Each structure stands twice: as C-alpha cells, then as structure tokens.
Amino acid sequence: MSLTVAGISAHFHDAACGLLRDGRLVAAAQEERFTRIKHDPSIPRAAFRYCLEEAGITIADVDAIAYYEDPVKKLDRQLWMALPHVPPATPPSLFRLDPGRPQREIREVLGFDGPVDIFDHHLSHAASSYYFSGFDEAAVMTVDAVGEWATTSYGRAEGAHLELFEEVRFPDSLGLLYSAVTAYLGFDVNDAEYKVMGLAPYGQPRYIDEVRSLIAVEEGGRFRLDLRYFDFLGGARMFSEELCRLFGAPPREAESELTPWAHDVARSLQAVLEEVLLAKVRYLHRRVPSGNLCLAGGVALNCVAVERIVREGPFRRVFVQPAASDAGAALGAAALSHVRRTGERPDARPLPHVFLGPSFGADEIAGLFRSSPARIVDLRGREDDLLGATADRLAAGKVVGWFQGRMEFGPRALGNRSILADPRDPGMRERINALVKKREAFRPFAPAVLADRASDHFELDHPAPFMVETCRVRSPLDLPAVTHVDGSARVQTVEAASHPRFARLLEAFAARTGCPILLNTSFNLRGEPIVCTPVDALACFLRSGLDCLVLEDVLLDRDGLPESWTRAFAAPEARPARVSDRVYTLL
Ligand SMILES: [Fe+2]
C-alpha cells in the first residue's frame, strides 16, 4: 500500500515542508526561499505546494500531514512563562498563544482535510536525525532553545523504534544560554549564533569561570541555568543586568566595533558549550553504549562543537541532520507519521544528499534570455565547454554565481545555489564581502573539495558532504580565504557519484591550478534567503558585484550585461522586493 506523508514545521522559525512517499524523501524546502522573507515562520504554503508539484501529485494523494510540535503542550509552557507579562492589548502575542492555529491553518491555508499527526518537538528533531542516518541503531541527542518544555533530550533507537528516555526542561537550556550571550554581544538571536561561534577563535577564554557560573552541570543528563543572569522569562530581552555586571560591561551595540573583550566572551561561551555537550554526550554513551550517535536541534548547527564531539566523544560515528534546526524537524515529523502508520522505518539508507528543492531545466533558463539584450553564452549540450569556461574564470580570480539542479534543503549551499571563488587568493575574502556578502570580515568562507583529495588538504578521515563539522587544515597549499584564524575550516567533500557536475567543475579547476578546492558560500545577498529560482539568481547577480553567473548551461559575464539592466538595478529604490514570489508562479 502506498503512503504519502507531508511533514510541516511553522510558527516559530524557519518554516518548512518535506514529503515522504513510501518512506522515501522526495522533496523538502524552507518557506523563506519562496516568500523571500528570511526565516519566514508562516505555515509553509509555497513549500507544500512545491512538494506536491515535485512529486507530481495533488493534495488528494496526501495521506497525512505531520506537525513538528505539540501546540497544547507548548501553550502550557507559554502560559507558565509569559502570560503574566503579556499586556492585555498585544494581539500578536496572544495570537502566538493560540494552540488551534497549526491545525486551523493546515485546513484553511493548505486546504488539507485528512488526518493531522502531532509529534513532540524534540521527538521530531530526534527522528529527523536517526531515520535519515542510515544507522541500524543509535544513541540520539537533541539540543535547541526550547520546544514545548524540553530543551535537550536523550534517546535510543533501533530499527523503527525511537524513544527519548530523559529530557532537560525549560528554562534550563543550552540554546537559550548561547542565544542570551549572542544578544548581549549585539547580534540577532535565532540568526547570528554562528557569528559568535566564528568570533570565538579570535579570543581567549578569559571569562570561562564567569560563563561557568551561568550554568550548573549536574548528574546524569541534567544542567541548570542560574536565572539571575537571564531575563527571557517574559522580559523584554534575553539577559539581565546581572549578566552585564558579571562580564563587567554593558551590552555591545549592534554593528559597533568588535573589541578583544567581545572576542573573549565569545571564546569563553563556546568553550563552555563544548564542555557541557561533551560531558552530556559521554553520559549518553554510558546509558546507550552504541557506536553511533545522532544529533539534531539548532545547537547541533554549531559545527565547532560537533567537531569536538566527533574527535573527543565516545561515539565512533556521528550523524548530524544537515537541517538540524526547526526546518529539519519537519522531516522528522513526517518520518514519525510514516512509522506510526506502517510500523516500519522510512528508507533505511543514509541520506544521500539534500538536493530536495526545485530545479529548472536548461532549456527553460535559456528561454528566459531569448529576447533579452544580455550577451549570454549558451553552452547547452556542451558540458566540457561550460565547465572549462567556468574554471577559466575562477582561475583568473573571478567570483562566480553557480546555479545548478535542485536547491539545497537546510542552511548550507552545497554547490547548487553557491557563490564560488579561488580559495588561494588572500584578497578573496574581502572581495566577496565587498561584492555581495557585506558581512563581518572575521568570518571565513567554507571550502568544497573533491572527496578523494580531501585528506591531502584537511584532517578528515570520513566523508563530510553536508558541512556540519569543522576540521584542521593541513594543506600544502595556502588557503587563506577558507582557513579560519585557528587553522580550521568547515569542509564540504564532493563525491562524483552524488554530485557529478560540481565534482567535474572541481576537477576542471584542479587541472588548471593544481588546487582541487573551491571557496563555496551561499548564493544570496546579506540578510536575504539563498536564491531559489533562476530569476532570484539573476536579480542577486545584478544587485551584487559578482563577475559571472552560471545558470545551468547558460553563462553570463558582467560585461555581457546591457547598460540598461545595470543602471536599473544599481538604484536601490529600483530593487524588486519578493522577486521569487512573482517568478515562481511564472516559471
Ligand atoms: Fe527546535
């Protein structure tokens, strides 16, 4: 019997939809990519519609929708936490407290009349990792800010069976600890935690005792925050005045200069996070002495902590759900629904890739330019020429927008919606920042490397296709654009079998330069979601200073752009908002 289940996450952060057909993950996407609203939390109408189109089905073919958290349990916590502090005349806050909203919007916005399965948030996270890990059995750990009540959970899984046997409950939360200090350091909560991680290697752990005083690590899986330092229980901000006194300074102003003090606080926070995670992973191994560990939850996106768990932890193999935050929990909910309905686990093979989003044909893309005044190079049916021309430009120091195949699911661009450049160029980090990223100069870019050459350049003894962990750089080449100040890099290994065109591009670049590595960063402007459609990519190209755009088989150099286009897009007021929203329906 055939079974089709859609998993949904929404109403907090990074809404997403994923579709399982007979246990096989056929499509998944985050809503932000379609609406062009970063971290869009809305019920994922466009992502759901896309998943149906990709599978070639209608809503009548969907047997169940699985939702990634229990809104009634969540309300219980929200009432405990916030209601006394919500002023009576703040409808948005009260709206968020409506436990009927997910079901209602699944009916009214998505138009689905069938069964809705509700799963606990951390169980959805756990399932998003275990059921896609390829392991027959594993220990499972999830860590985020908060779900309903749980903030950390510990579990075991074997075959189709997955159970969580212990949890740490709100307000004791590693995610909230990290977010509170992120806010104190002047960065956006739920968005910029990775910047604090990137800042950490510049500092010294001078404040490690102060950070340790924020969290008491207890027996078993437990830990406890000292709530004197935090104000997220209904307060207007994440941290209290007491925290400012502890670190001896007022909160850093957003966008102000980053001082050694901020570096040291970031380093100390990161060190304590790693310390606590390692202790709890060791505890989990004592309870579940498996060789395999599955990780998920937003804190599992901390790739530096993951590296330490891989290197120093007791588990031989570690699988991190690539979309470890709430977007990925949609996949977990779908998997749980599949298990509930069949008694069997979904597809037991390891997740082969995350190219689960929309693709656009080469003919369709070439057709966009049929009447345009842009001078495109149409290389349809001539892949060697396309790769050669792209590699020539990269070797000449050009920055290339590279758009191929199906869009990635999760936060990382992995060679289908990527900006690529020569990692050996010492000026490249600044150049890309100036052209497109406009981001903090302290953050390094990531390298993509041919899998069979990876160990020549990086201390890595296993495939790393998803950029979920860092490792040491040991390359005979100088790779300043992708090496962090502490000598680490967040590497993506590229296999020809699962990612043939990107692998061949790396080979073409290596043939010209001797370097089988490219700088790979996500294809988007600062503050915007990664591009989804060819027109998103074209708009990003026009609004940035990228040198070259490759859309499937069509190559477009900056000097091939008509002046009227560059003039129109240079004026900030002419920048189109929500480009993708319009174009997705047109294409
Ligand atoms: Fe979560």
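Counting convention: from 1, in listed order, for ligands and their atoms alike. Only a predicted model underlies this, so the values are computations on that prediction, with no experimental measurement involved.
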Under 2.8 Å from the Fe ion (ligand 1), is there any N, O or S atom belonging to H121? yes

Closest to the Fe ion (ligand 1), among the N/O/S atoms of D326, is atom OD1

Problem - Lys/Arg N to Asp/Glu carboxylate O, R45 vs E31, below 4.0 Å - result: no

- [ ] May I ask you to say whether E242 pairs ionically with R228, meaning some side-chain N is under 4.0 Å from a carboxylate O?
- [x] no

Here the vertex angle at the Fe ion (ligand 1) for OD2 of D144 and NE2 of H125, given to 10°, is 100°

If only side-chain N and O atoms count, and only distance matters, is there a donor-acceptor pair under 3.5 Å linking E69 with H11? no

**Report entry** D117 with R341: basic N within carboxylate O range, under 4.0 Å
**Finding:** yes

